[in-house]
Amino acid sequence: MVCAHQVAPRLPPAIGRTRQRHGAALALRQPGFLTMDIFAALRARVIAALAELLPELPPEATAKVTVEPPRDPSHGDMATNAAMVVAKPAGIAPPKLAAALAEKLAALPEVESATPAGPGFLNLRLRADYVRAQIPEVLRAGEAFGQGAATGQRVNVEYVSANPTGPMHVGHCRGAVVGDALANLLAKAGHAVTKEYYINDAGAQVQALGQAALWRAAEVLAAQGAAGLLFDALRAAPAEARATIEAAWGTTLQYGGEYLVPVGAALAARDGAALFDADGRPAPGAADAARMLAVSMMMTEIRADLAALGVQQDIFISEAERVAAGDLDRAEAILNGKGLVYRGTLEPPKGKTPDDWEPREQTLFRSTQFGDDTDRALRKSDGSGTYFANDLANHLHKIDRGFDALVHVWGADHGGYVKRMKAAVAALSDSRVSLDVVLTQIVHVLKNGEPVRMSKRAGSYITLSDLIDEVGRDAVRFTMLTRKSDAQMEFDLDRVVEQSRDNPVFYVQYAHARIRSVLRAAGDPGPDSLAAAPLETLSDPAELALIRRIAAWPRTVEAAAAAREPHRIAFYLNDLAGDFHLLWNRGRDDATLRFIRAEEPQSTQARLALVAATGVVLRSGMAVMGVTPVEELRDERKGESAEPA
RNA sequence: GGACCCGUAGCUCAGCUGGAUAGAGCGCUGCCCUCCGAAGGCAGAGGUCGAAGGUUCGAAUCCUUUCGGGUCCGCCA
């Protein structure tokens with residue numbers, strides 16, 4: 001066998017320059033530093049062969065060379081487009097180049113045969129022992145298999161960031177799961193990742209929240225017999241409390257949910273009647289006190305929800321603190337210094353002019369210079385900062401902390417906000433720092449085939465903890481990753497707990513449970529003993545297909561991370577589980593294909609090694625998704641273990 | 001009026017950043033399953049990738065136009 005780290009020293013230096021990521025990764029690889037990836041290894045081989053054939057070829061000409069498994073397995077194990085991609089710059093017809101390349105590649109120790117095909121493809125059939133040699137690599141690496149070499153990139157992933165004005169609901173849940181899995185994925189791909197939560201604790205909404213907490217506190221004090229006209233009125237007509245208070249305070253109350261009653265009670269218990277003046281209006285400072293307590297209690301609840309979901313973020317950033325620290329003013333000064341800030345008046349949005357539209361002069365940011373559709377307001381007409389301006393402060397803070405790449409997971413309703421934020425990050429960092437925004441589309445929850453309403457006003461409001469109670473944390477996390485995040489999704493409460501082929505949560509867990517069952521039956525051999533097993537008996541096409549799937553794991557991680565698409569991990573695991581179940585099922589029809597056969601100790605060891613390696617990759621993938629692998633499944637209908645007896 | 005997302009088999013969805021004859025599950029059809037590892041298994045049918053142009057060796061994928069669905073759209077957050 002030939003490992004990637006053995007290939008690297010033979011590469012011409014030019015290759016390392018053209019593909020820095022691969023070049024660097026290969027150069028760093030050592031025995032024991034297991035980031036083996038047969039696709040990257042073979043690609044390096046192909047490029048090295050090209051360099052020998054065409055010494056004059058500019059290195060960048062090979063940038064688009066790929067080595068991938070062909071769709072049709074009858075074409076071989078791998079196919080490369082090298083001849084077609086390089087033909088033009090090299091000035092050689094693709095078939096001719098392919099033939100020459102085939103001769104070179106056929107001589108490699110990994111390659112059984114290389115045959116040109118079609119318009120210039122080169123199909124490679126790999127030696128079975130090279131394919132099999134992936135198994136001990138996987139077993140020795142354990143769940144670190146697929147871990148990318150350190151990229152040196154510092155990535156900040158901000159997700160959830162639900163306003164601290166109430167419990168989390170299923171919409172937040174999708175963002176939380178996608179963000180957490182994406183952060184895990186980026187870490188798996190070799191980036192240094194920080195998981196961040198941005199608390200929107202400044203602005204009108206949290207002020208309204210504080211006011212609602214005061215309302216609830218007033219109700220509690222009234223019930224406790226506090227003296228005063230307002231409390232008398234509340235006692236006289238408890239059902240009219242909201243209207244009574246709105247009239248007394250001259251405001252419109254928001255956040256009527258019951259979840260603020262405990263906040264009001266805590267507030268009343270702590271500050272008592274001092275919260276209100278003689279007229280029953282909030283005393284000076286009471287609004288701030290109520291707001292801070294309410295935010296704090298809501299954040300406690302949100303953190304508990306996140307913990308129940310298995311999400312643990314590294315850092316929580318307070319919007320109010322950042323503004324107080326002067327980041328907003330500093331951000332504005334930076335933009336101003338670049339001539340990107342001016343006084344002006346925005347056009348009304350076409351086709352949807354608000355009734356009360358009137359032109360107003362404000363402080364604006366020239367986001368159009370960075371691809372936005374219109375310039376954006378930094379300050380309201382009264383001079384105070386907009387939400388966007390506060391977000392500038394937030395992003396400046398991230399840039400200051402030295403991140404190379406920023407990633408946000410937002411709900412689709414923030415789609416219109418992406419361009420201006422990218423513009424802002426580009427302007428603040430002189431385009432050194434990138435910003436990627438992953439938008440998650442709406443989740444429709446179904447129960448008994450009927451949509452479940454999620455309105456905050458409706459009584460049937462589904463919170464995150466309701467959802468976790470109903471189907472379990474792992475089912476929630478896995479299911480939320482079974483769709484591309486920019487596609488809408490139906491979350492069928494009945495489907496996700498169903499034990500059948502069309503429930504991927506079950507299907508993947510079941511594969512792992514079966515693997516554990518086999519290994520237990522074999523006395524749980526350790527990875528070292530399995531890694532030493534001779535593997536020549538693994539020659540069945542289905543076995544080799546499973547090995548190739550396993551070998552594709554590092555590449556899957558790298559591609560999914562680059563695309564910021566954690567759902568690919570769920571699909572990969574579903575495919576991997578399918579390959580494994582296929583083998584298992586065949587053992588049912590043909591006893592000679594069973595994993596454990598007492599009369600054939602050698603082939604048993606080889607198959608156990610394959611089974612164990614499959615389990616390693618399943619666990620590695622589930623770790624990225626934040627799903628717990630199970631030792632066994634239980635059938636509630638039978639009350640028995642799902643293990644084969 | 002504008003921005004962003006989606007449109008792929010009867011249904012729900014993948015499609016590895018441009019590759020060869022477009023895949024999976026469900027559903028459907030047929031066969032297998034009295035004993036063996038069946039909360040099943042095997043096989044088959046099913047597609048002008050919403051439409052029309054363009055880019056090139058090559059397009060579901062990139063560009064333009066267009067149709068349908070969804071999210072949004074001055075100082076809210």
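We name chains A, B, ... by the order of the sequence lines, and we start the count at 1 in each one.
- Look at A:Lys484 and you won't find any side-chain N or O under 4.0 angstrom from OP1 or OP2 of B:C13.
- Contacts of A:Arg594 with the nucleic acid, taken as non-hydrogen atoms under 4.0 Å apart, include base atoms.
- The same atom, C1', is picked in B:A60 and in B:U21; the two are 15 Å apart, to the nearest Å.
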Criterion side chain to side chain donor-acceptor pair (under 3.5 Å) on A:Asn123 and A:Thr115, from CA distance to verdict: CA-CA 5 Å; A:Asn123 293 324; A:Thr115 48; 4.7 Å; no
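- Using Watson-Crick or G-U wobble geometry with both donor-acceptor distances under 3.5 Å, B:C62 finds its partner in B:G54.
- Judged by distance alone with a 3.5 Å cut-off, a donor-acceptor contact links the side chain of A:Asn123 to the base of B:A20.
- Here A:Asp372 lies out of heavy-atom contact (under 4.0 Å) with every strand.
- In the set B:G41, B:C16, B:A77, B:A77 carries the atom at the smallest distance from any side-chain atom of A:Asn200.
- Taking only side-chain atoms of A:Lys380, from C-beta outward, the nucleotide of B:A77, B:C72, B:A14 with the closest atom is B:A77.
- Nucleic acid contact class of A:Phe595 (heavy atoms, under 4.0 Å, all strands): base.
- Toward the 5' end of RNA chain B, the nearer of the two residues A:Glu319 and A:Asp413, judged by each one's closest nucleotide, is A:Asp413.
- Using a distance-only test at 3.5 Å, with no hydrogens or angles considered, a donor-acceptor pair links the side chain of A:Thr80 to the main chain of A:Thr66.
- In this structure B:G44 sits in a base pair with B:C28, meeting the Watson-Crick or G-U test at under 3.5 Å.
- Contact annotation: A:Lys64 does not reach the phosphate of B:G18 (side-chain N/O to OP1 or OP2, under 4.0 Å).
- Among the atoms of the strands shown, none is found under 4.0 Å from any heavy atom of A:Arg586.
- A:Ala591 comes within 4.0 angstrom of no nucleic acid atom, judged by non-hydrogen atoms across all strands.
- Residue A:Tyr507 is out of contact with every strand shown, counting any heavy-atom pair closer than 4.0 Å.
- Annotation: cation-pi geometry not satisfied between A:Arg420 and A:Phe365 (NZ/CZ under 6.0 angstrom from ring centroid, within 45° of ring axis).
- Remark: A:His444 is not in phosphate contact with B:U71, judged by side-chain N or O atoms under 4.0 Å from OP1 or OP2.
- Among the atoms of the strands shown, none is found under 4.0 Å from any heavy atom of A:Ala552.
- Nearest-nucleotide assignment on RNA chain B puts the 5′-proximal partner with A:Pro70, out of A:Thr386 and A:Pro70.
- Side-chain proximity of A:Gln441 to the nucleotides B:G70, B:C76, B:C57 is greatest for B:G70.
- Among the protein residues, A:Ala87 comes within range of no part of the nucleic acid, since none of its heavy atoms lies under 4.0 Å from any strand.
- Backbone-only engagement by A:Gly203 is indicated by non-hydrogen atom pairs under 4.0 Å involving sugar-phosphate atoms exclusively.
- When the P atom is used for both B:G7 and B:C16, the distance is 12 Å, rounded to whole Å.
- Here A:Phe571 does not pack flat against the base of B:A14, since the 5.5 angstrom centre distance and 30 degree tilt limits are not both met.
- Looking only at side-chain heavy atoms (C-beta outward), A:Val178 and A:Tyr159 stay at 4.5 Å or farther from each other.
- Between A:Trp410 and A:Tyr417, some side-chain heavy-atom pair lies under the 4.5 Å cut-off.
- Rounding to the nearest 0.5 Å places OG1 of A:Thr556 at 12.0 Å from CD1 of A:Ile550.
- In the set B:C57, B:C16, B:A77, B:C16 carries the atom at the smallest distance from any side-chain atom of A:Arg568.
- In this structure, A:His414 reaches the bases: a heavy-atom distance under 4.0 Å links it to at least one base atom across the strands shown.
- Residue A:Leu582 is in sugar-phosphate contact alone, with no base atom involved, counting any heavy-atom pair closer than 4.0 Å across all strands shown.
- You'll find that the side chain of A:Arg555 is closest to B:C16, out of B:A3, B:C16, B:G19.
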From CA spacing to verdict: ring-ring contact (aromatic ring centres under 6.0 Å, His included), A:His581, A:Tyr507: CA-CA 9 Å; A:His581 285 305; A:Tyr507 195 63; 4.5 Å; yes
